[in-house]
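Notes follow the structure.
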Amino acid sequence: MKLLTSAPRGTQDILPKDSYKWRFVENLLLDQASKFQFKEIRTPVFEHTELFLRSVGQDTDVVQKEMYTFLDKGNRSITLRPEGTAGAIRAMLEHNLCNENLPVRLSYIDSCYRYEKPQSGRWREFSQFGCEMIGSSDPLADAEVISLCDSIFKRLSLNETYIEINSVGCPKCRGKYYESLKEYFEKNKDSLCNTCLSRLERNPMRILDCKKSDCLKIAENAPSILDFLCSECKEHFEEVKKYLDVAEIKYNVNPKIVRGLDYYTKTVFEVISMHEGSKGLVCGGGGRYDNLVEELGGPPTPALGFGLGIGRILLAMGDLLNFIPQYKACDVYFATLGEEAKTLAFQLANILRDSSFVVECDTLNRKLKPQMKYADKIAAKFAIVLGEEEINSKKAKIKNMADSSEKPISLDNDFLKEFFEIYTDFEKNKLLGN
RNA sequence: GUGGGUAUAGCUUAGUUGGUUAAAGCGCCAGUUUGUGGCACUGGAGACCGUGGGUUCGAAUCCCACUAUCCACCCCA
């Protein structure tokens, strides 16, 4: 078969055999966030390009080479969102949510888009769960957001996941730190890789993130941001750690973590999964961004948040996904012979469905045998055969597919009542282990 | 963006030093007499061997390009 085309590069179709797993994880994420009073917000998939230029930052890789940007028919520059924070904050400001109760706590599940070369755990279209807490500068807010993130992984039984935290300070302390970093790397310029040389000018902190062995070696002895934090930032960071300790949340302080987006200040953190299939993959990240709200035209407002890649979470979960409850099994399958039977089955099926049973009827006009085969394959609990005899006598047999036992059932007004009796009996026996 | 692997039915794969109608298992469909599933047996549908060039009398097999996919780097969720 020659298909016209296939799904675009870096996208994925989530088929019925997997979609329920996604749904389960998504529900769990939103539910856990709601325990911390985060409420769902839904924002557009695309925004005006300038939003991301300003928030994510001109110099970032995301903006420089990964955005899906195009002109619409009205000549507006539009960009498919590469992350969730900017849109959430924009919407919050546009609808004056921060003029109501502070803090504002928002959660979302967004499809995001980045033009990257796909590989394991990386797609061009990916689903991101995020939470944003706007209005508090208190270190407890940081601890609470990290705690939410941590609790999610606990709830998912992802135990080989750990949290790394750092503080990138405020623009004030970062200025001094950059100078010192530049000075340090200038001295070791000869051993740096080419990418790092260009980073030296634009964003020396990114050199700390380089994985090349030569750069790693130099970075090892580079000055640490933690030694340059101003008293306010330092105190803030200490408080955050104190709260995390109280909550018995495990974390490593890693002065080398640098988040990829420009808006971060003070606390930043990453969630790294060491599970099979996602070894060392960053499946979440976040931090404080005290200047972003103002940057987008709002009043000076402290805020912070985090994002998790849902695809990466599923990757990390691996075999755990097998324990997720699947779609409801079929309660009753109607095997039908002839037009009249088909019609009757259709009516009876809807009666059962109104009582929230899961029912399926034959729609392929197959012979009885293949129909029973099918009922078996879909693991129907009961099968009811309808043919000429049954219609004439207004009585049918309902077959328990597990033990092949059959019981009579009326097809008239008593149908639902009798079915209930048979069904509860069946469930009772199951509980008793028969 | 850089480097490497892979590309044969829906899925998993076989395909010998290039040689004629490209195999198998699973899955799907149908049958094994009349209206009943799980087992077994029989049969069937389904592949222009990723695409396009080239080498050759002859290419799934060799060469080149492209595309897709996977992996690593970069970056990140």
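Being a predicted model, the structure only gives us computed values, none of them experimental. So that the names make sense, note that chain A is the first sequence line, chain B the second, and so on, each numbered from 1.
- Comparing U36(B), G35(B), C29(B) by their closest approach to the side chain of E406(A) singles out U36(B).
- At least one donor-acceptor pair under 3.5 Å links the side chain of D331(A) to the backbone N or O of V358(A).
- G38(B) sits 13 Å from C29(B) when the P atoms are compared, rounded to a whole Å.
- Taking the ring axis of F126(A) as reference, the NZ or CZ atom of R114(A) does not stay both within 45° of it and closer than 6.0 Å to the ring centre.
- Side-chain proximity of L337(A) to the nucleotides C76(B), G35(B), G3(B) is greatest for G35(B).
- Look at CZ on R124(A): it is 18 Å from P on A77(B), rounded to the nearest Å.
- Out of C71(B), G38(B), C76(B), the shortest distance to the side chain of Q119(A) is found at C71(B).
- Between K367(A) and G31(B) there is a side-chain polar atom (N or O) within less than 4.0 angstrom of OP1 or OP2.
- Applying the Watson-Crick and G-U wobble criteria (two distances, each under 3.5 Å), C11(B) pairs with G25(B).
- Judged by distance alone, with hydrogens and angles left aside, E270(A) brings no side-chain donor or acceptor close enough to the base of C76(B) to form a pair under 3.5 Å.
- Across C70(B) and U34(B), the matching P atoms stand 49 Å from one another, rounded to whole Å.
- Considering only side-chain atoms of R312(A), the nucleotide from C76(B), C70(B), C71(B) that sits closest is C76(B).
- Here the P atom of nucleotide A30(B) and the CD atom of Q371(A) are 10 Å apart, to the nearest Å.
- One atom, CD1 of I272(A), and another, P of C76(B), lie 13 Å apart when rounded to the nearest Å.
- Counting any heavy atom pair closer than 4.0 Å across all strands shown, G121(A) reaches a base atom.
- As the counterpart of A72(B), U2(B) is assigned, both hydrogen-bonding distances of the Watson-Crick or G-U wobble pattern falling under 3.5 Å.
- Between the side chain of K117(A) and the base of U2(B), at least one donor-acceptor pair of N or O atoms lies under 3.5 Å.
- Residue K17(A) has no polar side-chain atom (N or O) positioned under 4.0 Å from OP1 or OP2 of C11(B).
- Taking atom C1' on both nucleotides, G15(B) is separated from C28(B) by 24 Å, rounded to a whole Å.
- Atom name P, nucleotides A30(B) and G35(B): the rounded distance is 15 Å, in whole Å.
- Residue side chain E66(A) does not reach the base of G1(B) through any donor-acceptor N/O pair under 3.5 Å, judged by distance alone.
- Spacing of C1' atoms, U56(B) relative to C73(B), comes out at 41 Å, to the nearest Å.
- The distance from atom CE of M372(A) to atom P of G31(B) is 16 Å, rounded to the nearest whole Å.
- Across all strands shown, C41(B) pairs with G31(B); the Watson-Crick or G-U wobble distances both stay below 3.5 Å.
- Separating the CG atom of L15(A) from the P atom of G10(B) is a distance of 15 Å, rounded to the nearest angstrom.
- Nearest-nucleotide mapping onto RNA chain B: of L281(A) and R9(A), the residue sitting toward the 5' end is R9(A).
- Look at OH on Y374(A): it is 17 Å from C1' on A30(B), rounded to the nearest Å.
- If you take atom P in U16(B) and the same atom in A7(B), they sit 13 Å apart, rounded to whole Å.
- Taking 4.5 Å as the limit, every side-chain heavy atom of R54(A) sits out of range of all side-chain heavy atoms of Y263(A).
- Along RNA chain B, the nucleotide nearest to G284(A) and the one nearest to P8(A) differ in position, and the one closer to the 5' end is contacted by P8(A).
- Among A77(B), U69(B), U36(B), the nucleotide with an atom closest to any side-chain atom of K399(A) is U36(B).
- Annotation: cation-pi pair R174(A)/F228(A) absent, no NZ/CZ under 6.0 Å from the ring centroid and within 45° of its normal.
- With hydrogens and angles ignored, no donor-acceptor pair under 3.5 angstrom links the side chain of R122(A) to the base of C70(B).
- Looking at T11(A) and E125(A), their side chains never bring a donor and an acceptor atom within 3.5 Å of each other.
- In summary, the aromatic rings of F46(A) and Y68(A) are positioned with their centroids too far apart to meet the 6.0 Å limit.
- Side chain of L368(A), nearest nucleotide from C76(B), C71(B), U36(B): U36(B).
- Proximity note for R366(A) (side chain, C-beta onward) versus C29(B), G35(B), C76(B): the nearest is C29(B).
- Using atom C1' as the reference point in both A68(B) and C57(B), the two lie 34 Å apart (nearest Å).
- Using a 4.0 Å heavy-atom distance criterion, Q12(A) is classed as making no nucleic acid contact.
- Nucleic acid contact for K373(A): sugar-phosphate only, since backbone atoms but no base atoms lie under 4.0 Å from a heavy atom of the residue.
- Atom-to-atom, CD1 of I313(A) to C1' of C76(B) comes out at 15 Å; the value is rounded to the nearest Å.
- Following rounding to the nearest Å, N365(A) (CG) and C29(B) (P) show an atom-to-atom distance of 15 Å.
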Verdict with reasoning, F334(A) to Q371(A), per side-chain contact (heavy atoms from CB on, under 4.5 Å): CA-CA 9 Å; F334(A) 279 100; Q371(A) 289 195 54; over 6 Å; no
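- Taking atom P on both A22(B) and G46(B), the two are 13 Å apart, rounded to the nearest angstrom.
- Note on S120(A): a side-chain N or O is less than 4.0 Å away from OP1 or OP2 of C71(B).
- In a base pair of the Watson-Crick type (N1 to N3 plus N6-O4 or O6-N4) or a G-U wobble (N1-O2 and O6-N3), with each distance short of 3.5 Å, A47(B) is matched with no nucleotide.
- Partner of I134(A) under the side chain to side chain contact (heavy atoms under 4.5 Å, CB included) criterion, chosen from L292(A), V104(A), L97(A), L304(A): V104(A).
- Nucleic acid contact class of G10(A) (heavy atoms, under 4.0 Å, all strands): sugar-phosphate only.
- If you check A77(B), G38(B), U36(B) against the side chain of E116(A), the one that comes closest is A77(B).
- Using a 4.0 Å heavy-atom cutoff across all strands shown, A316(A) reaches no nucleic acid atom at all.
- Separation of the Y162(A) and Y251(A) ring centroids does not fall under the 6.0 Å cut-off.
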